[in-house]
Amino acid sequence: MKEIFEKTDKTGGERYLLLDVGGTEIKGCVSDASGRKTRIRKFPAHAQKSAEKILDNLAGICRKLAGETDGMIRGVGMAIPGLFDYEHGISRMQGLNKYDAIYGIPLEPEIRERVPELKRAAEKGEEIFPAEKYVNKISVKKHDHVLIPAGTVHCSGKNTMVLEISATLYIFTFKLCDWRRLGMDGLPRPIHLDHGMKNIQAKAIRKKRWMN
């Protein structure tokens with residue numbers, strides 16, 4: 001695969017993993033930013049397996065494709081059969097005897113966690129997290145106050161301020177995304193995906209409808 005891109009792109013630029021997910025097999029290739037693609041490869045789908053095995057299989061395919069090309073992996077595009085919420089990356093298929101096990105599971109964070117190339121891109125500030133897809137917006141006006149419970153994914157908008165009260169002197173916030181802000185050294189500031197994911201109180205937050 002590398003030869004195809006080396007003939008057309010000497011910079012080792014942005015790459016995208018493309019998957020056509022079927023019930024029997026999954027076809028995959030890599031595309032550059034201009035739409036040039038590598039040859040299509042075929043992989044078994046394991047569509048009737050458990051959720052964990054299906055997710056591991058999808059991630060394994062992504063890792064294989066990522067390992068066979070140069071450049072920075074910026075994202076994964078999937079075409080999936082049946083009912084699928086593409087806006088939130090959630091399968092809505094049931095009763096088809098394929099991919100039933102991943103019903104209701106957001107695929108993006110599951111695959112990102114399993115594919116180091118995607119995780120590293122986020123940690124290095126090479127990728128902007130689509131926060132609007134997963135975190136609700138709350139409109140505020142002057143003098144409004146909003147209580148943000150611990151473990152809630154949050155950020156501040158224009159002309160707002162977050163006052164953080166912590167029981168520890170050295171831990172305040174684990175950043176999941178920093179919108180490509182640079183530190184004093186000119187490099188992306190560090191973020192804390194592993195620690196942050198462990199501290200999100202997702203079930204409690206969803207009950208309050210503060211998180212999608």
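When a residue number appears, it is its place in the shown sequence, counting from 1. In this text the structure is predicted, and so the values were computed from the model without any measurement.
Tyr99 places no side-chain N or O within 3.5 Å of a backbone atom of Gly82 that could act as its donor or acceptor partner. Of the possible donor and acceptor atoms, one in the side chain of His145 sits under 3.5 Å from a partner among the backbone N and O of His143. Checking side-chain atoms of Arg63 against main-chain N and O of Arg114 turns up a donor-acceptor pair under 3.5 Å. No donor-acceptor pair under 3.5 Å is formed between the side chain of Asp32 and the backbone N or O of Lys37.
At a threshold of 4.5 Å between non-hydrogen side-chain atoms, the residues Leu65 and Leu19 count as touching. Using a 4.5 Å heavy-atom cutoff, the side chains of Ile102 and Leu107 are in contact. A 4.5 Å side-chain heavy-atom check between Cys62 and Ile111 finds at least one atom pair inside the cut-off. Using a 4.5 Å cut-off on side-chain heavy atoms (C-beta onward), Val21 and Lys27 make no contact.
A pairwise comparison of heavy atoms in Tyr103 and Met93 identifies CD1-O, 3.5 Å as the closest pair. Contact detail for Ile54 and Ala101: the closest heavy-atom pair is CD1-CB, 4.2 Å. When all heavy atoms of Gly23 and Ala47 are compared, the pair lying nearest together is O-CB, 3.4 Å.
Using a 4.0 Å cut-off between charged nitrogen and carboxylate oxygen, Arg41 and Glu25 do not count as a salt-bridge pair. A salt bridge does not link Lys64 to Glu68: none of the charged nitrogens lies less than 4.0 Å from a carboxylate oxygen.
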Candidate pair Ile80 and Asp20, rule side-chain contact (heavy atoms from CB on, under 4.5 Å), full reasoning: CA-CA 7 Å; Ile80 297 182; Asp20 182 1; over 6 Å; no

Using the rule given for side-chain contact (heavy atoms from CB on, under 4.5 Å), can you reason through Val30 versus Leu18, listing the C-alpha separation, both sets of side-chain angles and the distance that settles it, and then say yes or no? CA-CA 6 Å; Val30 183; Leu18 306 180; over 6 Å; no

Quick one, Ile26 with Asn57, criterion side-chain contact (heavy atoms from CB on, under 4.5 Å). Give me CA distance, side-chain angles, the key distance, then yes/no. CA-CA 10 Å; Ile26 297 174; Asn57 186 49; 4.0 Å; yes

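The salt bridge (Lys or Arg N to Asp or Glu O under 4.0 Å) contacts involving residues 90-102 comprise nothing, where partners must be two or more places apart or lie in separate chains.
Of the inter-residue distances, the one linking Ile105 atom CD1 with Glu110 atom CD reads 6.0 Å to the nearest 0.5 angstrom. Atoms CG and NZ, from Leu58 and Lys53 in turn, are 13.5 Å apart once rounded to the nearest 0.5 Å. The distance from the CG atom of Leu163 to the OG atom of Ser156 is 12.0 Å, given to the nearest 0.5 Å.
Phe84 meets the ring pair (Phe, Tyr, Trp, His ring centres under 6.0 Å) test with Tyr86; sequence neighbours excluded.
Transitive grouping of hydrophobic side chains (ILVMFWY, heavy atoms separated by less than 4.5 Å) brings Phe43 and Met78 into a common cluster.
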